[in-house]
2 protein chains.
Amino acid sequence: MPSLRTVPSAHRPAPRPVAPLPAPPPVPPALEDLFSLQPIESSAAGTALFWEEDAADHAFQILEGCLRLYSILPDGRRAITGFAFSGEILGLSFRGAYPYTAEAITGVRFRRLGQGRLAAAGGSDVVRPQLLARIYDEICAAQRLVVILGQLNAEERVASFLLSAAVRTGADRANPVAIELPMSRLDVADHLGLTIETVCRVFSKLKRDGLLRTEGRHRVLLPCIQALRVLAGEESGTTPSQPNVSVRHAAVWPQRPVFVS
Amino acid sequence: MPSLRTVPSAHRPAPRPVAPLPAPPPVPPALEDLFSLQPIESSAAGTALFWEEDAADHAFQILEGCLRLYSILPDGRRAITGFAFSGEILGLSFRGAYPYTAEAITGVRFRRLGQGRLAAAGGSDVVRPQLLARIYDEICAAQRLVVILGQLNAEERVASFLLSAAVRTGADRANPVAIELPMSRLDVADHLGLTIETVCRVFSKLKRDGLLRTEGRHRVLLPCIQALRVLAGEESGTTPSQPNVSVRHAAVWPQRPVFVS
DNA sequence: CGGGCTCTTGATCGCTCTCAACAATGGTGG
DNA sequence: CCACCATTGTTGAGAGCGATCAAGAGCCCG
């Protein structure tokens with residue numbers, strides 16, 4: 001979490017008995033400070049923080065736990081558009097309704113901030129850029145997923161998912177990379193536009209290829225994250241850092257002639 | 001375009017020789033008024049307004065024409081994350097870089113607004129909600145596409161695409177519905193995560209089923225938009241408004257047990 | 001009227017889904 | 001503590017949808 005947190009109490013400076021010095025410029029409230037004044041709430045696994053189409057009257061800061069964000073089609077199919085982890089902010093909506101349901105996968109602790117207070121904070125020249133940056137991140141995440149779902153095959157999708165989980169939790173800097181996946185295989189499948197069986201098969205194949213090990217159902221080790229990047233199509237694969245790993249289906253497609261002006 | 005446009009010159013009231021009346025409250029500038037002061041520019045088909053990863057220093061208001069918004073994978077695959085039509089605003093980015101390339105499909109006329117001026121306008125309590133609403137729309141569009149790519153089959157994807165084109169251009173209120181599709185079949189395919197051949201085959205099948213007629217390559221008639229909605233999975237299909245159309249593969253999937261708390 | 005491009009259609013292949021059976025896990029009650 | 005059971009995960013066989021490869025048709029422009 002690279003954001004520099006200011007002291008929460010900074011907007012309410014303690015009264016000074018003597019004040020010969022010019023008052024220091026008031027520390028402007030950061031986005032997260034707005035939440036820090038709110039009480040902490042909890043939700044059990046399986047409960048929803050909010051529902052798709054509901055009036056979006058609160059934003060949420062997740063302190064602990066993991067949630068799935070999804071839409072349900074009229075016929076019952078479920079599309080998990082994303083997951084939310086601790087430290088993230090959720091439910092920023094500026095047109096009345098939430099665009100998805102947010103349901104706790106594990107138990108969740110969070111803070112809640114009213115839409116009115118959030119809108120008011122948008123007037124601040126300090127908070128607004130943070131707010132817009134968060135929203136922009138959400139756009140980028142959604143468009144990244146569009147690319148994944150539209151262009152990648154099953155193996156590439158799973159590799160992308162594992163990588164983004166590693167990067168998001170910061171686990172990609174450790175060695176070996178170890179990530180927690182609190183969600184079920186069905187959640188992963190509904191997120192990647194695959195079936196649970198296909199997700200399983202890809203996991204097994206990655207295990208056979210030495211790119212993945214599991215410890216229990218929800219813990220995954222990625223011994224060679226670089227090879228995963230090649231599989232995910234993030235890199236061209238010109239530098240085989242792990243020559244003993246046989247990368248079948250190397251992500252080298254026939255170059256389609258794309259019109260570039 | 002439901003936004004109430006205010007008079008562009010309102011922020012610069014003509015100097016009055018005599019001013020006995022209290023000055024009327026200044027008409028606050030709407031988002032589109034900011035653009036209306038900018039000169040009109042043009043781009044030929046095939047040229048890019050901006051490139052993915054480029055510094056996002058301008059936003060664009062499209063006055064005429066159509067663009068494709070896309071990302072290119074390292075191996076050359078192209079994911080068209082969306083299209084932009086006249087009347088829309090493009091390139092709102094608040095973290096330095098554009099998230100996609102915007103390339104003109106037809107000739108395009110547009111206005112350009114500097115990021116600085118846009119950021120300043122964000123301070124206005126009138127413009128900011130409009131700005132946030134636009135961005136929120138972009139999130140919704142991206143998530144809608146995530147659902148389409150992750151959960152729908154080829155026929156449903158094409159039906160969704162045709163419907164959203166009809167709705168976006170307002171053509172869905174006419175009868176019969178007639179839409180212009182300036183983009184090529186390859187563009188549609190790269191947008192829907194299909195191949196050009198599959199898009200063609202679905203078009204042909206919809207023609208056989210009486211749901212679609214083409215006039216030239218870029219004009220499409222939708223004689224029974226309600227049946228298309230059923231195909232796209234937007235409706236349950238319980239009200240067959242056009243009984244003579246045989247809807248194979250009606251969007252009724254085996255209901256998967258989804259955990260709802 | 002040709003040339004090049006886009007679009008369309010057909011035949012075949014292969015990836016992923018579906019259906020099925022079984023294994024592993026975790027929680028509960030005896 | 002262990003047996004039991006429900007849930008979740010894994011693996012296999014076969015089918016189907018969409019991709020791939022190939023050829024021909026239609027359209028636009030010089």
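A note on names: the letters A, B, ... follow the listed sequences, proteins ahead of strands, and every chain is numbered from 1. Computation of the quantities below employed the complete heavy-atom set of this structure, encompassing side-chain atoms and omitting hydrogens, waters and symmetry-equivalent molecules.
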Note, Leu206(A) side chain near Val158(A) side chain (heavy atom, < 4.5 Å): yes

Side-chain donor-acceptor contact under 3.5 Å, Thr101(A) with Glu52(A): no

Nearest-angstrom distance from the residue atom CD of Glu155(A) to C1' of dC17(C): 17 Å

Spacing of Leu186(B) atom CG relative to dA19(D) atom P, expressed in whole Å: 12 Å

Ring-ring centroid check Phe110(B) Phe60(B), cutoff 6.0 Å: yes

Pair Glu41(A) + Arg109(A), salt bridge at N-O below 4.0 Å: no

Pair Arg78(A) + Glu103(A): basic N to acidic O under 4.0 Å: no

Nearest to side-chain heavy atoms of Thr195(A), which nucleotide of dT18(C), dT20(D), dG18(D): dT18(C)

Length of the line joining Arg77(A):CZ and dC17(C):P, which is rounded to integer Å: 13 Å

Salt bridge flag under 4.0 Å for residues Glu88(A) and Arg168(A): yes

Main-chain N/O of Leu149(A) paired with Arg157(A) side-chain donor or acceptor, under 3.5 Å: yes

Arg77(B) backbone acceptor or donor facing Asp75(B) side chain under 3.5 Å: yes

Between dT16(C) (P) and Leu152(A) (CG): distance, integer Å: 11 Å

Interatomic distance where CG belongs to Asn153(A) and C1' belongs to dG18(D) [whole Å]: 14 Å

Atom pair distance, as rounded to whole Å: CE in Met183(A) and C1' in dG9(D): 16 Å

Report each atom pair, protein N/O against N/O of nucleotides 9-12 of chain C, whose distance is under 3.5 angstrom.
unit_1	atom_1	unit_2	atom_2	d
dT9(C)	OP2	Ser204(B)	OG	2.1
dG10(C)	N7	Arg201(B)	NH1	2.8
dG10(C)	O6	Arg201(B)	NH2	3.2
dA11(C)	N6	Arg201(B)	NH2	3.4

Per-nucleotide protein contact string for nucleotides 24-30 of chain D, where B marks a base within reach and S marks sugar-phosphate only (heavy atoms under 4.0 Å, - for neither): --BS---

Protein-nucleotide distance (His218(A), atom NE2; dG9(D), atom P), rounded to Å: 6 Å

Ring centers of Phe83(B), His191(B) separated by less than 6.0 Å: yes

Which nucleotide in dA19(D), dC7(C), dG18(D) has an atom nearest any side-chain atom of Ala154(B): dG18(D)

Rounded distance (Å) that lies between atom P of dC17(D) and atom CD of Glu156(B): 12 Å

